[in-house]
Each structure stands twice: as C-alpha cells, then as structure tokens.
Protein chains: 2
Amino acid sequence: MTAVAATPARIDATDDELAAIAKALGHPVRVRILRLLMDRTSCYCGEIVEELPLAQATVSQHLKVLKDAGLIVGTIDGPRVCYCAHRERLARLGELVNNLVAVAKSPDAACCDEE
Amino acid sequence: MTAVAATPARIDATDDELAAIAKALGHPVRVRILRLLMDRTSCYCGEIVEELPLAQATVSQHLKVLKDAGLIVGTIDGPRVCYCAHRERLARLGELVNNLVAVAKSPDAACCDEE
DNA sequence: ATCGTATATCGTCGATGGACGATGAGGTCC
DNA sequence: GGACCTCATCGTCCATCGACGATATACGAT
C-alpha cells in the first residue's frame, strides 16, 4: 500500500525517450523498413510497399510510427513522398543503450552475481 | 566495414532479434526496472515493487517480459527471487543498433539528402 | 476539369498488451 | 502439522496494435 514515498526513484526522462524509440523499433517490419532506408535501396513509399508482403495502408502506418518516433523523415517530392532514415536519431538510441550498459555497479549491493 | 553489399531486402534474422529486444525495452517501466538492476540498488522482486507505483502482479509481468527477452536473469534465493541484468544481452542491442547505423549508403540511390 | 497515380487517413476487426485482484506454488519459520 | 512470506500465474477488463479494404487528399498529366 505504501506509495513510492522514499526515493523519487529517479524519474529519468531518458527512460521514456529510450522506451519510445525502442517501441518504434519493436516490430520486425519496421526494422526492415529502416534497414531498407539505410541501404538506400528504396526511398519512396511505393518502393517500400513492393519490397514487403503488406498492403499499402499497413506500410504507411508503419512509416507513420517511425516518423513519429523521429527515426525517419518524409519529404514530399511531387506526387510521391521520399523517406530518409534519420541516422542521428538512431545513433541516439545506441547512445542511450550504451549509457545504460555503462552504469557502474554498486559494490555493496551485490546480491547475486552474473555469470 | 561495409556490411551489406548489393543484397536487396534480405530477410535478416538480426532484424527479428533487434525487434524482439527493442520490443521488450519499449515500455518505460521496463527501462526503469532494467536501470534499477543495473545500478544494483535493488535485486529482489519485492524491492522492485516498492520502487514502483505498480501492483506486484504487474511488476512480475514486466519482469517476465524482460526475462523472456534474455535481458535479465532470475535466480531463486530461498523464498525470494534475485534478478540480475544480463549486460551482455543489453550490449548486444547496442551492437545491433550500431550495425544498423553503420550501413553504407549506396551512392547511386541518393533520392533525398539528410541534413 | 478530368483522369490516373501516390500517399494518408478512416473504420473495422481480431490479437496483443498492460493493469489489477485473486489465487496458487513454493519456501521459511515455529 | 500449521501460519506466514515471496513470487508467479490466472482471469478479467479496457486500451492499444496490426492488419486490411475503402475512401480521401494531393499532385501531374492530358
């Protein structure tokens, strides 16, 4: 019943940021799309649709998720839309992960050891 | 370090692996839990529950997701269970992300430029 | 203006996720 | 044997996701 009284439990904004980016990456199709954009084999939405066994509406939805997470950028190019991976944003994810891995262990709290 | 050379739209197993780990990290509470375990401020399930404004069942569920993704390991210690972060597994995520960022651009497919 | 193309959005549906209380499966102690 | 304590699991509820077809929007071409 005791609420989170004592420590503020470190409401770290980076936790939410990391979770948000990770959530956007948490679907195989979106990883595939991102890799396609990284390879620069495809840019336009229609090209991406052709690469995937999914309907156009579904692909567009995944693109929206990636765009909302800042992982890709869409540029209107005449009748089509060209998508580009936002490499800095993706590198930011690696940065956040590495930061998390690099957390120092408290020497006194070793209640169990990793293998 | 050119990873991929003229391989279009490959069904990469690492895509699924990356997506699976990212999905497990795709919730703020789970990132928080992971950070707690990294800091070694808490190890036992009960301690983690006290740090979070969530019911014990909910925390246990999040722990299961992290465990299924291989990000943490649970060890039975008498009546309690001690959880530890699996640093190698988390580092694997950073590795997969860095690998994704490092994909070389195809010089002929520049349909739009990033800033 | 009309047509065709390219993309986004809407509405719907089934599946999954996240929260909880209640219960169950173990362990420790007397 | 009890009476605890710790944690996992079950069942339920509501919200969100992921997929789709249908439709709307925007644009270039005729």
Side-chain angles (χ1 to χ4, degrees), chain A residues 1-4 9 15-16 18-34 36-37 41-85 111-112, chain B residues 15-16 18-34 36-37 42-85 111-112:
Chain A
M1 296 293 260
T2 58
V4 54
D15 285 358
D16 289 346
L18 173 53
I21 304 180
K23 186 175 182 181
L25 262 188
H27 194 290
V29 166
R30 289 197 286 268
V31 176
R32 268 276 289 283
I33 291 176
L34 205 51
L36 284 174
L37 295 180
T41 58
S42 304
C43 291
Y44 297 113
C45 175
E47 293 175 324
I48 299 170
V49 171
E50 288 178 0
E51 297 275 355
L52 301 172
L54 293 174
Q56 177 265 329
T58 307
V59 173
S60 189
Q61 210 166 251
H62 282 301
L63 287 169
K64 177 173 168 50
V65 173
L66 289 172
K67 195 169 60 180
D68 289 345
L71 288 170
I72 64 176
V73 192
T75 313
I76 297 179
D77 177 20
R80 319 185 253 188
V81 176
C82 172
Y83 283 100
C84 286
C111 53
C112 65
Chain B
D15 285 359
D16 289 346
L18 173 52
I21 305 180
K23 186 175 182 181
L25 261 188
H27 194 289
V29 167
R30 289 197 287 267
V31 176
R32 271 270 290 281
I33 291 176
L34 206 50
L36 284 175
L37 295 180
S42 304
C43 291
Y44 296 114
C45 175
E47 292 176 325
I48 299 170
V49 171
E50 287 179 0
E51 296 275 354
L52 300 172
L54 293 173
Q56 177 264 329
T58 307
V59 173
S60 190
Q61 209 166 252
H62 283 302
L63 287 169
K64 177 173 169 49
V65 174
L66 289 172
K67 194 169 60 180
D68 288 345
L71 288 170
I72 64 176
V73 192
T75 313
I76 297 180
D77 177 21
R80 320 184 253 189
V81 176
C82 173
Y83 284 100
C84 286
C111 53
C112 63

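Within every chain, numbering begins at 1; the chains are lettered A, B, ... in the order of the sequence lines, protein sequences first and strands thereafter. Values reported hereafter were calculated over all heavy atoms of this structure, with side chains retained and with hydrogens, waters and symmetry mates removed.
The minimum heavy-atom distance between B:Cys45 and B:Tyr83, with the atom names listed, is CB-CE1, 4.2 Å.
Taking CG of B:Leu25 as the start and CD1 of A:Ile21 as the end, the distance is 11.0 Å to the nearest 0.5 Å. Atom CD1 of A:Ile76 and atom SG of A:Cys82 lie 11.5 Å apart (nearest 0.5 Å). Considering CG of A:Leu18 and NE2 of B:His27, their distance stands at 13.0 Å, rounded to 0.5 Å. Atom CG of A:Leu37 is separated from atom CG of A:Leu66 by 8.0 Å, given to the nearest 0.5 angstrom.
For A:Ala69, the side chain to side chain contact (heavy atoms under 4.5 Å, CB included) partners two or more places apart in sequence, or in a different chain, are A:Ala24, A:Leu71. In this structure, the side chain to side chain contact (heavy atoms under 4.5 Å, CB included) partners of A:Gln56, at least two apart in sequence or on a different chain, are A:Val49, A:Ser60. Taking the side chain to side chain contact (heavy atoms under 4.5 Å, CB included) definition, one finds that A:Ala20 meets it with nothing, sequence neighbours left out. A:His62 is linked by a side chain to side chain donor-acceptor pair (under 3.5 Å) to A:Arg30, counting only residues two or more places apart in sequence or in another chain. Partners of B:Lys64 by side chain to side chain donor-acceptor pair (under 3.5 Å), not counting sequence neighbours, listed by chain and number: B:Asp68.
Among B:Ile33, B:Val65, B:Leu63, the single residue meeting the side-chain contact (heavy atoms from CB on, under 4.5 Å) criterion with B:Ile72 is B:Leu63.
Within the structure, a side-chain polar atom (N or O) of B:His62 is placed less than 4.0 Å from OP1 or OP2 of C:dA19.
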Set out, line by line, the N/O atom pairs under 3.5 Å between protein and nucleotides 8-11 of chain C.
{"residue": "C:dA8", "atom": "OP1", "partner": "A:Tyr83", "partner atom": "OH", "Å": "2.1"}
{"residue": "C:dA8", "atom": "OP2", "partner": "A:Ser60", "partner atom": "OG", "Å": "2.8"}
{"residue": "C:dA8", "atom": "N7", "partner": "A:Gln56", "partner atom": "NE2", "Å": "2.9"}
{"residue": "C:dA8", "atom": "N6", "partner": "A:Gln56", "partner atom": "OE1", "Å": "3.1"}

Extract from the structure each pairing of a protein N or O with an N or O of nucleotides 24-30 of chain C at less than 3.5 Å, listing the distance.
none

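When DNA chain D is scanned in the 5' to 3' direction for atoms under 4.0 Å from non-hydrogen atoms of chain B, the outermost contacting nucleotides are D:dT6 to D:dT9.
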Task: Strand DNA chain C in bracket notation, Watson-Crick/G-U under 3.5 Å with | for pairs to another chain - done: ||||||||||||||||||||||||||||||
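The shortest distance between side-chain heavy atoms of A:Pro28 and B:Asp16 falls below 4.5 Å.
Atom CD in A:Glu47 sits roughly 8 Å away from atom P in C:dT7 (whole-Å rounding). Rounding to whole angstrom units, CG of residue A:Leu52 and C1' of C:dT7 are separated by 16 Å. In this entry the distance linking CG of B:Leu66 with C1' of C:dG18 reads 14 Å, nearest Å.
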